[in-house]
Amino acid sequence: MAAPTMENPTSTSTPSQTLTIAKALNTAMRSAMERDPKVLVMGEDVGKLGGVFRVTDGLQKDFGEQRVLDTPLAESGIIGTAIGLAIRGFRPVCEIQFDGFIFPGFDQIVSQLAKMHFRSQGKVKVPVVIRVPFGGGIGAVEHHSESPESLFAHVGGLKVVSCSNPADAYWMLQQAIECDDPVLFFEPKRRYWEKAELDPTIEPAPLFTSKVQRTGSAVTLATYGPMVRTCLDAAKAAEEEGRDLEIVDLRSLSPLDLDPVFDSVRRTGRLVVVSESPPESSVTSEVATRVQQECFYSLEAPVLRVNGFDTPYPPSKLEDGFLPDLDRVLEAVDRSLAY
Amino acid sequence: MSPEHWTRPSRPDEQTRNGTASGPAATSAVPTREQVIAGLRATSEGGADLVQLLTPEGQRVSHPDFDIEVTDEQLRGMYRDMVLVRRADREGNALQRQGQLGIWVPLLGQEAAQIGAGRAMRPQDMAFPSYREHGVAWCRGVDPTELLGIFRGTDHGSWDPNTTGMGLYTIVIGNQCLNAAGYAMGQRFEGRVGNTGGDSADNEATMTFFGDGATSQGDVHEGMVWAAVYDAPVVFFCQNNQWAISEPTERQTRVPLYERARGYGFPGIRVDGNDVLASLAVTRWALDECRHGNGPVLIEAFTYRMDAHTTSDDASRYRLDDDLEAWKLKDPIERLRVHLVREQIADQEFLDSVDAEADELAQRFRDFCVNMPEPPPERMFSEVYAEESPVVAAQRQDYLQYLDGFADSAAGGVH
């Protein structure tokens, strides 16, 4: 049997199966590990348990303890040793158990992972993927519902992506593993169990590109991760009121691929940027800035944003207020159209 | 309570030396500051735990566990190494004083620790240094001129870690210990550890270098945890030069640093860091242990930072000259020189030839430094990523275009 490739996926991904985001991620790692013996999975509880979200379920059983590592419980250690393994020629895929636990590893990510390639002027590559289940809406305790992606998008030397559906989860994770740069891979944890059809014979888009998920003419929504589903629901509701919303799934948060957003805004004249993260100095600020620079004469209304708030993430009984929902998105659409 | 006693606190169920049960912890068990300092320095006063093969007076002594056979040629070679790296180091200091370097990080006093450790490594081994490892770099074949870019501000390190087996300098304290642990895990995963027979010559090990201050960092702790859990072939080489800028070792620890290894489950050895022979012997043993699959190992090289932390530092604000004078008597180069002469391993002609070579190196080092080209502005944007970011590419284009706008101005460029 010929070695499996991304163009010819393995039998584990038969054409047109319906699967969850969690399973798509699992399948993606399995494919990558089958293809390349240098791919390792490492993190807390990723082995026997299969991860607290079961995203790595069964991998250790099939690939052994030397390729799926239940690591000691320290995030700096996970990232720091992954960097050493990457320098050695491995391609580690690290799991950070929850968004709010990434900060002990922040130093290694920012001081070493992001700078190694530049410091060495390309002599040292560190192809490390850091998977981060992120975002709220699961009724969790503190530190389990955060959206820290903007902190990483701000750092030169890192690439940051987020998937929103099973097909992207499947392709984007494999592409991230094949990428020679460090990639922060943000997974919408409250959408892990949403199902959709995956046809692995369809050629995937390049990793660092955004994608129009829904075409429309009234207002453009730019969003990513868990908020793509929210925006799609909002577009459906708006459609019943005769408003046709266009949705761009940003997918890549660093580098941003904003050409599809610019094209869309030049047609609609209106943009609402949606994200769970606090708004100040965030990815949504960057999108708003660049759209007003590039599309100044096309804008019919100021760029509006729907975000969480510039507060620590609240206790879960309050999170429905913190998280943008269909109503808050539609309210912003109304304000945009009212200009 | 003597320092010897309290640095090895007994368990509650153990009997103390005088036969009384130690009992549960009481406030009286907390050592005084004086006791801590005495404990940390016990071995520097000739304590039993310090591995030494060459006394400060240049006397060759034996050690039951770490003796070593070295040829006269190797001894002369290590003398030459130490003289040359010290000369380059002093030239670095001078170049900073003359405005040719933004900063220099002196190595002075730590030559024996670094040359001993560096000469114990094999070509296939990998070093993960901090930023004072000019002697280790020398042993890895990194020319001293290649260090200059970091301190002149033209690059962040120009040598190739892949071909030299010498990682780039790491400035954030302790980060490299984790990177080294990971690299060593990779050596084991690839089956390059513990081979016997014909393959044993290819066995590999990793060594990471850090200071006494770094031992307080979480990354050093985590590095030791990871290395132990994964049986990684890594030597943690701690140069205890007794000062973390202005903070003495007692600000970092209660116990001698090498004793911490026991808590992680691997051997810790304290070596006289001003004794190149002992540093070589202990490090060679430690690397061999790692290559055989018995890693990791912690080495505490007990030495002294004879100069300031960097050229920006003023050590007179926090330590006494007396200390420095005492350590001058333990100078790593002088003791080997005395040994070489006394044992007739080197004659005056050899010593003179090394000095002449040092003069040539200093001249070459200086010439290289003052003639280093400024990096072009586009360097800022190069190799940020392996696969270029369109965002960075656009910023480069905009910036170069902006610079071009000055091309016709009277000043002839941006200043």
Side-chain angles (χ1 to χ4, degrees), chain A residues 38 40 42 66-67 69-90 92 104-105 107-108 110-128 156-159 179-182 207-208 252 254-259 286 290, chain B residues 126 128 150 155-163 167-172 174-190 192 206 208 217-219 221-230 232 234 379-395:
Chain A
K38 290 295 185 187
L40 307 177
M42 54 196 288
Q66 212 153 285
R67 294 197 59 200
L69 283 66
D70 270 328
T71 65
L73 209 160
E75 288 75 12
S76 189
I78 295 170
I79 308 299
T81 53
I83 291 168
L85 283 159
I87 294 171
R88 181 71 191 183
F90 289 85
D107 176 25
Q108 283 284 347
V110 174
S111 305
Q112 301 306 326
L113 188 61
K115 296 178 170 67
M116 198 67 83
H117 193 268
F118 182 74
R119 182 185 302 149
S120 69
Q121 282 294 290
K123 294 189 234 7
V124 180
K125 295 190 181 0
V126 278
V128 175
L158 300 178
K159 288 177 172 172
C179 178
D180 278 339
D181 290 307
L207 178 57
F208 303 106
S252 178
S254 176
L256 279 165
D257 170 34
L258 292 181
D259 284 345
E286 182 64 20
R290 287 174 48 192
Chain B
M126 185 72 186
F128 283 83
I150 299 171
D155 59 49
H156 291 326
S158 60
W159 63 92
D160 186 347
N162 305 305
T163 55
L168 293 180
Y169 277 7
T170 305
I171 295 175
V172 175
N175 276 176
Q176 72 277 12
C177 292
L178 271 171
N179 305 153
Y183 189 91
M185 286 163 64
Q187 289 173 317
R188 193 168 76 75
F189 293 167
E190 288 181 355
R192 308 306 294 265
T206 296
T208 182
Q217 286 281 359
D219 277 11
H221 165 69
E222 288 176 34
M224 291 185 185
V225 169
W226 250 259
V229 165
Y230 291 101
V234 57
R379 179 71 51 76
M380 211 160 24
F381 305 96
S382 78
E383 304 293 350
V384 177
Y385 296 99
E387 298 164 24
E388 189 175 59
S389 153
V391 171
V392 174
Q395 289 173 1

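In what follows, chains are A, B, ... by sequence order, proteins preceding strands, each numbered from 1.
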### Query
Are the charged groups of E387(B) and K125(A) less than 4.0 angstrom apart, N to O?
no
#### Entry: Contact origin within A82(A) toward chain B - heavy atom pairs under 4.5 Å
neither
### M224(B) versus chain A, the contacting section by heavy-atom distance below 4.5 Å
neither
### Message
Can you tell me how far apart OH (Y385(B)) and OG (S254(A)) are? Round to the nearest 0.5 Å.
### Response
4.5 Å
### Query
Quick one: does L178(B)'s side chain get under 4.5 Å of I83(A)'s, heavy atoms only?
no
### Task
Look up atom CZ in R88(A) and atom OG1 in T206(B), then write down how far apart they are to the nearest 0.5 Å.
7.5 Å
### Message
I want to check something: taking the side chain as every heavy atom from C-beta on, are E222(B) and P72(A) in contact at a cut-off of under 4.5 Å?
### Response
no
#### Entry: Contact leader toward chain A among V384(B), V225(B), V229(B), N175(B), where contacts are heavy-atom pairs under 4.5 Å
N175(B)
### Non-hydrogen side-chain atoms of Y230(B) and T81(A) separated by less than 4.5 Å
no
### Query
Heavy-atom distance under 4.5 Å between the side chains of H156(B) and K115(A), does that happen here?
no
### Task
Look at L256(A), V126(A), L40(A), I78(A) and state which one has the largest set of heavy-atom pairs under 4.5 Å with chain B.
I78(A)
### Task
Mind ranking I79(A), V124(A), L158(A), L258(A) by heavy-atom pairs under 4.5 Å with chain B and telling me who comes out on top?
L158(A)
### Query
Does any heavy atom of chain B fall under 4.5 Å from the side chain of D259(A), the backbone, both, or neither of them?
neither
### Query
Side chains of M185(B) and L69(A): does their closest heavy-atom pair fall under 4.5 Å?
yes
#### Entry: Under 4.5 Å from a heavy atom of chain A, the part of D160(B) involved
both
### Message
If we define contacts as heavy-atom pairs under 4.5 Å, which of A232(B), S382(B), S389(B) has the most with chain A?
### Response
S382(B)
### Query
Once you round to the nearest 0.5 Å, how far does CD1 of I171(B) lie from OG of S111(A)?
10.5 Å
### Message
With rounding to the nearest 0.5 angstrom, report the CZ to OH distance, R119(A) to Y169(B).
### Response
13.0 Å
### Task
Flag the pair D219(B) / Q112(A) as yes when at least one side-chain heavy-atom distance between them is below 4.5 Å, and no otherwise.
no
### Task
Answer yes or no: is there a side-chain heavy-atom contact under 4.5 Å between Q108(A) and N179(B)?
yes
### Query
Relative to chain B, which segment of L207(A) carries a heavy atom at a distance below 4.5 Å: side chain, backbone, both, or neither?
neither
### Message
Out of D180(A), D181(A), L85(A), return the one with the most heavy atom pairs under 4.5 angstrom to chain B.
### Response
D181(A)
### Query
Looking at G122(A), G89(A), A74(A), which one has more heavy-atom pairs under 4.5 Å with chain B than the rest?
A74(A)
### Message
Quick check against the 3.5 Å criterion: does Q121(A) have a side-chain atom that pairs as donor or acceptor with the backbone of E383(B)?
### Response
no
